[in-house]
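Quick caveat: nothing in here was measured; it's all calculated off a predicted structure. In each ligand, atom 1 is the first atom listed, and ligand 1 is the first ligand listed.
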Amino acid sequence: MTILVTGGAGFIGANFVYMELKEHPEDRIVCIDKLTYAGNLETLKEAMEYPNFRFKRMDICDREKVFALFEEEKPDIVVNFAAESHVDRSIEDPEIFLKTNILGTQVMMDASRKYGVKRYHQVSTDEVYGDLPLDRPDLFFTEETPLKTSSPYSSSKAGADLLVNAYHRTFGLPTTISRCSNNYGPYQFPEKLIPLMIANALADKPLPVYGEGLNVRDWLYVEDHCKAIDLIIRQGKVGEVYNIGGHNEMKNIDIVKLICEALDKPESLITHVEDRKGHDMRYAIDPAKIHGELGWLPETMFKDGIKKTIQWYLDNKEWWERIISGEYQSYFASMYGERLKDAE
Ligand code: NAD
Ligand code: TYD
């Protein structure tokens, strides 16, 4: 079977590529990624050694190139991770979010229709449901919760989800959608809460907590997310949406304190800064459907996952220090220039 993975040079996509290569050596993985600021080919260095892995630099909005790749590879399954993924950036400049997250999804689905893929899977987010109040811990997002978005990012993801459902109903495209809570783990770009706080704490820099830091996220170790997607693409029901979450709600401030403690850094580094505009208060997933239908349960407890994650950032300083120092862009051009020419 050939699985086409988009956005595989990013955080979750790369973890998914590695899991598939290890768990399903019989499958071929074709990965496309535009290599935006968030995509890092170095992350896929080991994957390049596998004979059943192919990387091609490509924008999912580039209809001509995407169709040519489908013609060549005839993928059985498409898993669309590629997206602009950072809420703060979407507040600064929404346009690229609409382009990549909605129009890019359209291109991938048009190609999937034309070439008759057996499954088109859209990797979505719990943020499409908006937020829950802090004083109602009894409320959770189910697959029936109405879409009610807050940021340009979540709106673009919700737009894509609606389009996926339309392609299923109108054209019969065999789709599935997964909506996952916040992920953490190796290879997360150091603009997101956990890696940013680890990197800043190690450099004794201020730890910028938005507002009071009372916002709650439902954290899931990235491997558990990847396992859920793997189950959905192989055993999930066509036309369905599956929520993925670990019942692990934490306040931002508690996560930052925990990171300080783990790295033996003083909490005085914590600096409360102006709150994010439209900041969602609480996300919390009810994963009963995927548990009941596919038997999925998270395997990594937060206390273990966060230890593993902190250790990974300690062991892989080169990976993220290069990104933070800004050296990454020029490093990337010199290190991968030739390779990219081949990949294009
Ligand atoms: P990321 O920003 O780390 O990676 C995104 C990848 O997509 C990058 O490699 C980037 O180069 C690539 N990309 C961006 N625009 C592209 C384009 N036009 N064409 C091809 N490639 C392009 O993001 P992530 O955290 O790995 O998220 C992956 C997916 O999972 C996204 O769809 C996101 O909405 C979803 N998601 C993320 C989380 C989370 O906590 N990170 C939670 C739920 C869902
Ligand atoms: P983030 O990792 O950007 O994920 P999302 O906004 O998609 O949930 O942020 C997680 C939470 O941490 C969110 O409530 C915003 C907050 N946050 C900070 O307080 N400081 C920061 O520097 C960042 C990046 C996020």
Side-chain angles (χ1 to χ4, degrees), residues 5-17 31-41 43-44 56-62 65-66 79-91 96-97 99-101 103-105 107-108 122-128 131 150-151 153-154 156-158 160-161 177-185 187-197 199-200 206-220 222 225-226 228-229 243-245 250-253 255-256 270-276 278-283 285:
V5 176
T6 73
F11 165 45
I12 308 173
N15 278 282
F16 182 78
V17 162
C31 172
I32 59 171
D33 196 297
K34 185 181 173 183
L35 300 176
T36 66
Y37 80 94
N40 188 344
L41 205 47
T43 303
L44 291 175
K56 212 157 159 60
R57 186 179 198 181
M58 196 176 291
D59 184 340
I60 59 164
C61 300
D62 189 334
K65 279 196 182 159
V66 167
V79 185
N80 188 27
F81 289 94
E84 289 293 333
S85 68
H86 192 39
V87 172
D88 292 322
R89 286 181 187 255
S90 82
I91 295 167
I96 187 69
F97 284 75
K99 200 164 172 245
T100 291
N101 299 1
L103 298 179
T105 295
V107 170
M108 294 308 299
Q122 179 74 1
V123 180
S124 187
T125 164
D126 61 357
E127 300 192 29
V128 298
D131 65 351
S150 311
S151 70
Y153 162 68
S154 54
S156 67
K157 294 296 290 186
D161 284 12
I177 298 176
S178 54
R179 296 184 179 141
C180 190
S181 56
N182 286 60
N183 285 212
Y184 67 100
Y187 299 118
Q188 188 166 28
F189 197 84
E191 67 183 353
K192 305 280 167 65
L193 180 76
I194 290 180
L196 181 120
M197 295 301 167
N200 280 19
L207 307 176
V209 169
Y210 299 163
E212 294 297 304
L214 300 179
N215 308 65
V216 169
R217 299 291 184 263
D218 180 358
W219 294 93
L220 184 72
V222 63
H225 184 189
C226 293
I229 294 173
N243 282 354
I244 309 170
M250 305 253 318
K251 285 189 207 117
N252 294 341
I253 189 73
I255 296 212
V256 179
I270 295 175
T271 310
H272 290 275
V273 298
E274 192 190 330
D275 209 351
R276 174 185 278 171
H279 200 171
D280 281 337
M281 280 319 296
R282 170 176 170 248
Y283 301 144
I285 283 275

Give the single entry among Ala38, Ser85, Ala83 that approaches atom 5 (C) of ligand 1 most closely by any heavy atom.
Ala83
Which option wins on minimum heavy-atom distance to atom 44 (C) of ligand 1: Ser124, Ala9, Cys180?
Ser124
For [atom], what's the nearest protein heavy-atom neighbour? Residue, atom name and distance, please.
atom	result
atom 42 (C) of ligand 1	Ser181 O, 3.4 Å
atom 3 (O) of ligand 1	Phe11 N, 3.1 Å
atom 9 (O) of ligand 1	Asp33 OD2, 2.6 Å
atom 21 (N) of ligand 1	Lys34 N, 3.0 Å

Could you tell me whether [X] approaches ligand 1 through its side chain, its backbone, both or neither, with non-hydrogen atoms closer than 4.0 Å?
X	answer
Met58	backbone
Leu35	backbone
Phe97	neither
Val123	both

Let me confirm one number: the CG-CZ distance from Leu41 to Arg57, rounded to the nearest 0.5 Å.
8.5 Å
Under the side-chain hydrogen bond (donor to acceptor under 3.5 Å, both in side chains) test against Thr6, which residue among Thr105, Asp33, Asn80 passes?
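By the side-chain hydrogen bond (donor to acceptor under 3.5 Å, both in side chains) criterion, Thr6 pairs with just one of Thr105, Asp33, Asn80: Asn80.
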Decide whether a cation-pi geometry holds between Arg217 and Tyr184; the criteria are a distance under 6.0 Å from NZ or CZ to the six-membered ring centre and an angle within 45° of the ring axis.
no
I need the minimum non-hydrogen distance between Lys157 and Val123, along with the two atoms involved.
NZ-O, 2.8 Å
Does the plane of the ring in Phe81 sit parallel, tilted or perpendicular to the ring in Phe16? Use 30° and 60° as the thresholds.
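Judged by the thresholds at 30° and 60°, the geometry between Phe81 and Phe16 is tilted.
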